[in-house]
Amino acid sequence: MTRVVAIDTSTWWGGVALVDSAAPEGVVAEAGLRVEDTHTAHQLRLLEQLLAGAGWSRSTVDGYAAARGPGSFTGIRVGLATVRGLGLATGRPCLGITTLLAMAEAFGPAEAPRVPLLDAGRGEVYGARYDAASSPPVEQRPPWLGPPSLAADGAGGPVVLFGPGARAASGSGPGRVGRTPSAVAAALGRLAVLRIEAGAADGEGLSPLYLRPADAELKRKRGSKRV
């Protein structure tokens, strides 16, 4: 039996899940919240509510996981910092897992390769491609940033597009637009359970996956060029 707390703060939809490898479907509890301000004010409160409802104490948790991106720069930092703090406080391992991988896991089996897409702003999307039905999903194209027209590049046939950025890419090639999965935190937890049981090292994947420099970094670079 392996118990994991999973936190997704990589987009405006924040989620917390309790996952137990011994439970039916693996998920004991999950809560999601559309955040208009900052995830910082909500995630620990949601976590405490779920722990109390499930009757879990922190001493019974075997590990923590957070979405490492791509997505909101601030949200990614909040999630990774939260699980790092929880892991240090309890002496449990903590992991970071790619948001797009967790989205594909949450989507489940499809009739064609799965292409999760997130709105990246500036007319671009974050995307990746995974096989049609494996759990955990098998990566066919690593995470990328670019125009929606690239969503089906290299697939060699139809794909299933889904996620907040899918509508923008729906006319870019063969395939259909599927539902947007909401249980991403639970999927994160299931993936983390597998990695912990396979012997993953503490801190694996905890570096943020941004794909794009932060606006502040771009401004600094522009400023240095003008000097």
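What you are looking at is a predicted structure, and each value in this text was computed from that prediction instead of being measured.
- Remark: D202 engages R84, P93, C94 in a side-chain contact (heavy atoms from CB on, under 4.5 Å) (not counting sequence neighbours).
- Side chains of Q43 and T82: no donor on one and acceptor on the other come within 3.5 Å.
- The minimum heavy-atom distance linking G79 with A66 is given by the pair O-CB, 3.5 Å.
- Side chain of R195 to main chain of I97: no donor-acceptor pair is present (N/O by atom type, distance under 3.5 Å, no hydrogens or angles).
- Closest approach of E30 and A17 over heavy atoms only: CG-CB, 4.0 Å.
- To the nearest 0.5 angstrom, T74 atom OG1 is 9.0 Å from I76 atom CD1.
- Looking at L118 and T99, their side chains come closer than 4.5 Å, going by heavy atoms from C-beta outward.
- V4 and L191 are members of different hydrophobic clusters when ILVMFWY side chains are connected at heavy-atom separations under 4.5 Å.
- Under the 4.5 Å side-chain heavy-atom criterion for Ile, Leu, Val, Met, Phe, Trp and Tyr, V193 and V28 are members of distinct hydrophobic clusters.
- For R167, the side-chain hydrogen bond (donor to acceptor under 3.5 Å, both in side chains) criterion is met by no residue, not counting sequence neighbours.
- Residue S72 holds its OG atom at 12.5 Å from CH2 of W12, rounded to the nearest 0.5 Å.
- Pairs of residues two or more places apart, or lying in two chains, that qualify as salt bridge (Lys or Arg N to Asp or Glu O under 4.0 Å) and include a residue from residues 53-64 are E48-R58.
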Might you work through the side chain to side chain contact (heavy atoms under 4.5 Å, CB included) test for L206 and V83, ending with a clear yes or no? CA-CA 9 Å; L206 278 188; V83 298; 4.1 Å; yes
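- Atom OG1 of T2 sits about 9.5 Å away from atom CG of L194, to the nearest 0.5 Å.
- In terms of heavy atoms, G75 sits closest to T9 at O-OG1, 2.5 Å.
- Sequence neighbours left out, not one pair with a member in residues 132-151 passes salt bridge (Lys or Arg N to Asp or Glu O under 4.0 Å).
- Taking hydrophobic clusters as Ile, Leu, Val, Met, Phe, Trp and Tyr residues chained together by side-chain heavy-atom distances below 4.5 Å, W13 does not share a cluster with V19.
- Follow the hydrophobic side-chain contacts under 4.5 Å out from V27 and you never reach V184; the two are in separate clusters.
- Evaluation of the side-chain hydrogen bond (donor to acceptor under 3.5 Å, both in side chains) rule for R92 yields no partner, not counting sequence neighbours.
- A search for side-chain contact (heavy atoms from CB on, under 4.5 Å) contacts involving A132 returns nothing, not counting sequence neighbours.
- In this structure, W56 and L50 have side chains that are not in contact, with every pair of non-hydrogen atoms separated by 4.5 Å or more.
- With sequence neighbours excluded, the residues that form a side-chain contact (heavy atoms from CB on, under 4.5 Å) with A22 are M1, D20.
- Interatomic distance, Y126 OH to S10 OG, rounded to the nearest 0.5 Å: 10.5 Å.
- The shortest distance between side-chain heavy atoms of L33 and R45 falls below 4.5 Å.
- The two residues I196 and G63 come nearest to each other via the heavy atoms CD1-CA, 4.0 Å.
- Residues satisfying the side-chain hydrogen bond (donor to acceptor under 3.5 Å, both in side chains) criterion with Q49, sequence neighbours excluded, are absent altogether.
- With sequence neighbours excluded, the residues forming a side-chain contact (heavy atoms from CB on, under 4.5 Å) with S57 are S59, T60, listed by chain and number.
- For residues 102-120, the pairs satisfying salt bridge (Lys or Arg N to Asp or Glu O under 4.0 Å) are E105-R190, E111-R176, R114-D131, with sequence neighbours left out.
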Full working for side chain to side chain contact (heavy atoms under 4.5 Å, CB included) between I7 and Y64:
CA-CA 8 Å; I7 296 176; Y64 296 89; over 6 Å; no
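- Here the side chains of R68 and T98 are in contact, with some heavy-atom distance below 4.5 Å.
- Taking every heavy atom of both residues into account, A192 and L95 meet most closely at O-CD1, 4.1 Å.
- Pairs engaging residues 141-163 under the ring-ring contact (aromatic ring centres under 6.0 Å, His included) rule: F107-F162 [sequence neighbours left out].
- Residues L117 and P148 fail the side-chain proximity criterion, which asks for heavy atoms closer than 4.5 Å.
- With contacts defined as side-chain heavy-atom distances shorter than 4.5 Å, the pair Y130/V138 does not qualify.
- With contacts defined as side-chain heavy-atom distances shorter than 4.5 Å, the pair L47/L18 qualifies.
- When all heavy atoms of A6 and L188 are compared, the pair lying nearest together is CB-CB, 4.0 Å.
- Take T90 and apply the side-chain hydrogen bond (donor to acceptor under 3.5 Å, both in side chains) test, not counting sequence neighbours, and it matches no residue.
- Between V160 and P113, the closest side-chain pair of non-hydrogen atoms is not below 4.5 Å.
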